Amino acid sequence: MATLIVQNGKHQGTKIPLPAREVSVGRDDKCYVRLTSGDVSRIHCTLTATNDGILVKDAGSQNGVLINGARIEKDYVMRPGDLLKVGPVKFTMEIPQLAQPSGDVADDDIANWLAEGDTNAVASDADTTEIGTYESIKGQEQSHLSDLPPAETESKSIAEEAQEIIRRHIESKRK
């Protein structure tokens with residue numbers, strides 16, 4: 001099953017499993033992945049898990065859908081290593097069939113390092129965003145992403161971000 005992984009903010013490291021059907025991302029209450037930022041359209045985009053990756057379709061959003069920093073103009077198949085940005089929220093994906101062995105480091109160790117969060121995140125009151133799936137938040141209180149960094153003009157690659165997180169983790173263990 002394909003999984004979206006939040007890459008920034010308070011919910012960094014949160015995994016959102018995608019069902020084997022098309023799902024929507026946006027502010028609307030019925031969206032499978034709900035983000036309440038004003039930078040996100042009511043129905044911003046749709047995602048469909050395939051054997052090759054996640055098919056991303058912009059649903060006519062005002063601010064567009066970015067993959068690896070570039071706005072997509074047509075349907076795009078997101079593959080491991082690609083960075084999806086919807087409003088202020090960044091996602092990567094995980095597809096078990098496409099996952100590669102990680103060497104001597106256990107996957108749980110990496111997940112724990114990434115879940116520790118980014119201590120450099122800066123937030124403003126305007127950057128509050130809810131995140132959750134329709135099924136998981138229906139009838140429940142929703143959490144807020146209140147520590148999203150401001151919009152970036154230049155973003156780091158996933159490898160650079162991962163390297164920085166691992167560096168900070170190692171430094172924290174030395175202290």
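When reading the values below, keep in mind they use all heavy atoms of this one structure, side chains included, and skip hydrogens, waters and symmetry mates. Everything numeric in this text was worked out from a predicted model, so none of it was measured.
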Task: Transitive ILVMFWY cluster of Leu66, excluding itself - 4.5 Å side-chain cut-off - done: none
Task: Distance (rounded to the nearest 0.5 Å) between Leu4 CG and Thr14 OG1 - done: 11.5 Å
Open item on the list: Quick check on the hydrophobic clustering: are Ile5 and Leu83 connected, directly or via other members, by side-chain heavy-atom contacts under 4.5 Å?
Closed with: no
Task: Partner of Arg27 by side-chain contact (heavy atoms from CB on, under 4.5 Å), out of Val40, Ile43, Leu35 - done: Val40
TODO: Report the residues that fulfil side chain to side chain donor-acceptor pair (under 3.5 Å) with Thr46, sequence neighbours left out, ordered by chain and then residue number.
DONE: none
Open item on the list: With rounding to the nearest 0.5 angstrom, report the CE to OG1 distance, Met78 to Thr50.
Closed with: 11.5 Å
Task: Side chain proximity check, Val89 to Ser37, heavy atoms < 4.5 angstrom - done: no
Task: Contact summary for Pro19 and Ala49, nearest pair of heavy atoms - done: O-CB, 4.3 Å
Open item on the list: Between Val86 and Val6, is there shared hydrophobic-cluster membership here, with clusters defined by ILVMFWY side-chain heavy atoms closer than 4.5 Å?
Closed with: yes
TODO: Could you grab the distance from atom CZ of Phe91 to atom OG1 of Thr3, nearest 0.5 Å is fine?
DONE: 12.5 Å
Side-chain donor-acceptor distances from residues 54-65 under 3.5 Å, at least two apart:
from  : atom 1 : to    : atom 2 : distance (Å)
Asp58 : OD1    : Gly60 : N      : 2.9
Asp58 : OD1    : Ser61 : N      : 2.8
Asp58 : OD1    : Ser61 : OG     : 2.9
Asp58 : OD2    : Ser61 : OG     : 3.2
Ser61 : OG     : His44 : NE2    : 3.4
Ser61 : OG     : Gly64 : N      : 3.0
Asn63 : ND2    : Asp39 : O      : 2.9

Task: Side chain to side chain, Leu84 and Met93, heavy atoms closer than 4.5 Å - done: no
Open item on the list: For the backbone of Gly26 and the side chain of Arg42, can you confirm whether one donor and one acceptor N or O come within less than 3.5 Å of each other?
Closed with: no
Task: Closest non-hydrogen atom pair between Tyr76 and Ile67, with its separation - done: CE2-CG2, 3.4 Å
TODO: Please report the closest heavy-atom contact between Arg21 and Tyr32, naming both atoms and the distance.
DONE: NH2-CD1, 4.1 Å
Task: Minimum heavy-atom distance between Asn8 and Lys90, given as atom pair plus value - done: OD1-N, 3.0 Å
